[in-house]
Amino acid sequence: VRRDERRAHLHQGLNAMKIAVGSDHAGLALKREVVDLLKGRMRLISEFVEFGSYFFHDPAAYEASARDKYWKAPETGGWLEALAERLNGLATFTLESAEAAVRAYAEELGLNAAKLIHPTRLALTGFGVSPGLFEVMGLLGKEKVVGRLKKAASIIARESIIEVTS
């Protein structure tokens, strides 16, 4: 039974990857880069599908424990919105330029970079842990990064309003 369950889980994972990535050249190249980035952290294809899905689709949800930890401060939404604008203004969006922008903004705010990196990671991936944030940003690209940061800022703002009025 256990072997059949694993086989079914593997089959389900492979089908999900095929749907998520497609079979065009660009999709296959992205899949290779994602696999290279995740392979040290994942053992099963099903884990790749679950924890790597954010490379292909916006997060459907955000890990509750990470939300409580990294999105609790009311200013976090403003930081993410401002970071989105800074990143959108980059002429060239690469791993290196994204890292420089995040670290410079954290310094301007007088923050340890981790105080900005962790909420950013959650906004982009839906998880509190992931491969290196800047590698993730480089693979996602400017449009997805900016859009996801703005979406997270909006969610944080909406939740702050609900807390104040409750």
Side-chain angles (χ1 to χ4, degrees), residues 9 12-22 26-73 75-88 90 93-106 109 111-160:
H9 204 54
Q12 183 180 22
L14 287 171
N15 283 338
M17 278 194 337
K18 188 175 180 182
I19 291 166
V21 176
L28 292 174
L30 175 61
K31 183 176 82 172
R32 280 191 204 100
E33 290 184 67
V34 170
V35 168
D36 285 344
L37 189 59
L38 294 175
K39 68 183 172 188
R41 298 171 182 271
M42 307 293 152
R43 295 181 319 162
L44 303 172
I45 289 180
S46 58
E47 292 174 327
F48 169 81
V49 171
E50 180 180 354
F51 297 109
S53 63
Y54 55 82
F55 285 105
F56 309 105
H57 305 287
D58 288 355
Y62 300 92
E63 188 177 28
S65 60
R67 284 175 72 139
D68 292 344
K69 186 172 184 178
Y70 301 124
W71 287 1
K72 192 142 188 101
E75 60 273 10
T76 304
W79 293 343
L80 295 180
E81 181 71 36
L83 180 59
E85 293 306 319
R86 286 171 177 256
L87 293 170
N88 196 41
L90 292 176
F93 190 89
T94 63
L95 176 158
E96 295 82 9
S97 66
E99 179 175 8
V102 170
R103 291 190 184 281
Y105 183 49
L109 292 170
L111 298 174
N112 176 318
K115 293 275 190 189
L116 193 55
I117 288 171
H118 292 299
T120 300
R121 172 181 286 115
L122 180 57
L124 300 182
T125 69
F127 296 103
V129 296
S130 73
L133 174 65
F134 306 113
E135 288 83 1
V136 169
M137 292 174 84
L139 282 178
L140 288 175
K142 182 183 194 175
E143 184 178 315
K144 284 184 183 177
V145 168
V146 169
R148 290 180 188 186
L149 287 171
K150 288 182 176 187
K151 178 181 175 185
S154 174
I155 290 168
I156 294 167
R158 190 171 49 246
E159 289 178 355
S160 295

Practice item. Applying ring pair (Phe, Tyr, Trp, His ring centres under 6.0 Å), name anything that partners W71, two or more places apart in sequence or on another chain. Key: Y62
Review point. If you round to the nearest 0.5 Å, how far is CH2 of W79 from CG of L149?
Key: 14.0 Å
Revision key, fill the gap. d(I156 CD1, K151 NZ) to nearest 0.5 Å is 12.0 Å
Exercise for review: Please list, chain by chain and in numerical order, all residues satisfying side chain to side chain contact (heavy atoms under 4.5 Å, CB included) with A98, sequence neighbours excluded.
Suggested key: L87, F93, M137
Practice item. Please report the shortest heavy-atom distance between A153 and G77, naming the atom on each side. Key: CB-O, 3.3 Å
Practice item. Please name all residues satisfying side chain to side chain contact (heavy atoms under 4.5 Å, CB included) with K150, sequence neighbours left out, ordered by chain then number. Key: E81, A84, E85, V146
Check your understanding: Can you tell if the side chain of K115 reaches within under 4.5 Å of the side chain of T76, non-hydrogen atoms only?
Key -> no
Exercise for review: List the atom of R103, the atom of A113, and the distance in Å for their closest heavy-atom pair.
Suggested key: NH1-CB, 3.5 Å
Point to revise | V102 versus L116, closest heavy-atom pair with distance | key: O-CD2, 3.7 Å
Review point. Checking side-chain contact (heavy atoms from CB on, under 4.5 Å) for the pair L122/F127: CA distance, chi angles, key distance, verdict?
Key: CA-CA 5 Å; L122 180 57; F127 296 103; 5.6 Å; no
Practice item. Report the residues that fulfil side-chain hydrogen bond (donor to acceptor under 3.5 Å, both in side chains) with D58, sequence neighbours left out, ordered by chain and then residue number. Key: R148
Review point. Would you say F134 and I117 make side-chain contact, with heavy atoms under 4.5 Å?
Key: yes
Practice item. Would you please name every residue forming a side chain to side chain contact (heavy atoms under 4.5 Å, CB included) with S130, sequence neighbours left out? Key: Y54, R121, T125, V136
Review point. What pairs of residues pass the side-chain hydrogen bond (donor to acceptor under 3.5 Å, both in side chains) test when at least one of them lies in residues 132-142, not counting sequence neighbours?
Key: none
Check your understanding: Residues two or more places apart in sequence or in another chain: which of them pass side chain to side chain contact (heavy atoms under 4.5 Å, CB included) with S154?
Key -> R158
Point to revise | Heavy-atom pair of closest approach, residues P59 and A123 | key: CG-O, 4.1 Å
Check your understanding: Who are the ring pair (Phe, Tyr, Trp, His ring centres under 6.0 Å) partners of Y105, not counting sequence neighbours?
Key -> none
Revision key, fill the gap. Contacts of E96 meeting side-chain hydrogen bond (donor to acceptor under 3.5 Å, both in side chains) (sequence neighbours excluded), chain-then-number -> T94
